[in-house]
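Written below as structure tokens is the structure these notes are about.
Just so we're on the same page: letters track the sequence lines, and every chain starts at 1.
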There are 2 protein chains.
Amino acid sequence: MTNAKNPLAPLLANLEVRTPLGEEDRQAILALPYTLKTLEPSTYTVREGDPPDRCGVLVSGFAYRQKLTGDGDRQIIAIHIPGDATDFQNSFLEVADHSVQMLTRGDVAFIPRGAIQEIVRSRAAIAHAILIKILVEASIFREWVLNVGRRNARTRMAHVLCEFALRLEAEGVAGRNGYELPMTQEQLADALGLTPVHVNRVLKGLEADGLIKRSKRNVSFPDWERLRQVGDFNQRYLHLERQSSGQEMRIPQR
Amino acid sequence: MTNAKNPLAPLLANLEVRTPLGEEDRQAILALPYTLKTLEPSTYTVREGDPPDRCGVLVSGFAYRQKLTGDGDRQIIAIHIPGDATDFQNSFLEVADHSVQMLTRGDVAFIPRGAIQEIVRSRAAIAHAILIKILVEASIFREWVLNVGRRNARTRMAHVLCEFALRLEAEGVAGRNGYELPMTQEQLADALGLTPVHVNRVLKGLEADGLIKRSKRNVSFPDWERLRQVGDFNQRYLHLERQSSGQEMRIPQR
DNA sequence: CGTACGTTTGATCTTTCTCAATAATGGTGG
DNA sequence: CCACCATTATTGAGAAAGATCAAACGTACG
């Protein structure tokens, strides 16, 4: 594998979590043009209102999507982990409707918008893989609407902790034992629609009940199953099973 | 226009709001196979957990997406208006991660999953139009996360009232003067992450302040601009401007 | 004209927010 | 390595938005 160091390898791995690709398609992805940049925390990848001309791919590090209310209150809409592309939407829409910022320091490969459009046009399997990625992201948004709209603070928190665990696991970065969570309690609050003070209390509560352990930014889960229950977490919305290529017949159900 | 009565005409109009199509593509859409059914309120179009095999198109009537918590609390994730397709996601994912139900009585044209996949494969412009639709829907989900996560009850309510107005207007069904809102206060509550009681109070508050007028299910807006402000509403996320085809060069910005 | 569903209202309770202060922690320059 | 500064985390006390409970009131329609 001469590709081990290709900065786009994480993107390829990311897409192949759900939609395995053929060798030609894999090479096509790894051959995409890009500009690599190391970005500091809170640097913008996309800014709301900008006409987007490129798509960022997280080679390393974490990022988040956010929107602001008129009063300046922030809501974090999604967290992105290494391998995620942050701007597929922006490769097809005319204006960014929200911003993406780095959560940690990290390397981002910027692929020109035109190159994304071109590969989608010329390679059906890749178009399909990207579409699936977009649809799964939308599914996560839906779950977040539910999470923020209908669950209490403790459940909400447990739920996102579970979500991150499974997403990191799928990416092979970490797992449901625990991981390094690179978010401040304030950021967590903005992701959950809570205040930092309350996030702190909820975290302490979960810890007191033996559902999580914390040291610095590291969280671990002594009893995954119980956490899953407390978080009302069902992984279906992550669509982690392999998706059919869309070319093949579905097996008739009975 | 011999197509005036084609049940798929609303779908075509819906897609062409953002992505005008050529004559061949238009005919291809109108020629899609479908089964037409009249559904009563609360009938399911898709059910969470089902392996989806078709895509519903609202010919007339309204529908909503919903998810439930483990406790049975409901969150409405989106409202769909005539012309909307309710299941593009399901044409590409293996399992429905949420349910769609009729809000009102209405006619739904069910298009087989395979036909959607086929038209997307064979007609680039249609694939593009559907992709844009999917992306705009995702954008609306993001706005809802913000709405439910960071805005107070009154602002939340005003915001969705504005959103519906503009979406109905784009579809040519109604406008920002007012419209028939076919939702009970309980459904509104489930869409906003509130209780029905509080929704009632918020509505009365908005009415008392002259921001809305109500009679039965009809709402009208005596002062759109003020409602817009109260609702912290900025239509950018609806992406109502025409989208470029993705084939053409973007005009350089300055 | 009675039943079911939706709306409205009042009274009270809870979760979460706000405000304010104190304690850790991490990184920096010397 | 140490003192210092800026974040971030933690804690307490009081306030508020919205939830809950309970009941009455409308209205559509069979």
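For the pair A/Asn200 CG and C/dC17 P, the interatomic distance rounds to 13 Å; values are reported in whole Å. The distance from atom CG of A/Asn218 to atom P of C/dT25 is 15 Å, rounded to the nearest whole Å. A straight line from CG of B/Leu188 to P of C/dG6 spans 13 Å, rounded to a whole angstrom. As rounded to whole Å, 17 Å separates atom P of D/dG18 from atom CG of A/Asn152. Distance CD (A/Glu186) to C1' (C/dC17): 14 Å, rounded to an integer number of Å. Between A/His198 atom NE2 and D/dA13 atom P there is a gap of 18 Å when expressed in whole angstrom units. Counting to the nearest Å, the C1' atom of C/dC17 and the CG atom of A/Asp71 are 15 Å from each other. Atoms CG (A/Asp73) and P (C/dT18) sit 8 Å apart, rounded to a whole Å.
Side-chain atoms of B/Arg217 stay outside donor-acceptor range of the base of C/dG6, with no qualifying N/O pair under 3.5 Å. Under 3.5 Å, the side chain of B/Arg154 and the base of D/dG18 form no donor-acceptor pair of N or O atoms.
The minimum heavy-atom distance between B/Leu166 and B/Leu238, with the atom names listed, is CB-CD1, 3.9 Å. Heavy atoms only, all atoms of each residue included: A/Leu39 and A/Met102 are closest at CB-CG, 3.7 Å.
For the pair B/Asp84 and B/Lys133, the salt-bridge criterion is met [side-chain N within less than 4.0 Å of a carboxylate O].
Residue A/Leu194 is classed as a sugar-phosphate contact, given heavy-atom separations below 4.0 Å to backbone atoms only. Across all strands shown, A/Arg214 has heavy atoms under 4.0 Å from sugar-phosphate atoms exclusively, and none from any base. Residue contacts for B/Thr184: at a heavy-atom cut-off of 4.0 Å it reaches the sugar-phosphate backbone alone, with no base atom in range.
Nearest-nucleotide assignment on DNA chain D puts the 5′-proximal partner with A/Met183, out of A/Arg150 and A/Met183. If you find the closest nucleotide of DNA chain C to A/Gly193 and to B/Pro196, the one lying nearer the 5' end belongs to B/Pro196.
The rotation axes computed at either terminus of the helix from C/dC1-D/dG30 to C/dG30-D/dC1 lie 50° apart, taking five pairs at each end and rounding to 10 degrees.
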Show the atom names and distances, to 0.1 Å, of all donor-acceptor pairs under 3.5 Å that link a side chain in residues 211-220 of chain A to residues at least two apart or in another chain.
residue, atom, partner, partner atom, Å
A/Arg214, NE, A/Glu207, OE1, 3.2
A/Arg214, NH2, A/Glu207, OE1, 3.1
A/Asn218, ND2, A/Glu180, OE1, 3.1

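Note on A/Lys216: a side-chain N or O is less than 4.0 Å away from OP1 or OP2 of C/dG26.
For B/Arg201, the listed nucleotide lying nearest its side chain is C/dT9; candidates were D/dT11, C/dT9, C/dT7.
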task = Could you walk me through whether B/Phe221 and B/Tyr179 pass the ring pair (Phe, Tyr, Trp, His ring centres under 6.0 Å) test, one step at a time?
result = CA-CA 9 Å; B/Phe221 313 121; B/Tyr179 47 84; 5.5 Å; yes

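For the pair B/Val160 and B/Leu192, the minimum side-chain heavy-atom distance is below 4.5 Å.
Note: A/Arg151 CZ to B/Gln75 CD = 10.0 Å, rounded to the nearest 0.5 Å.
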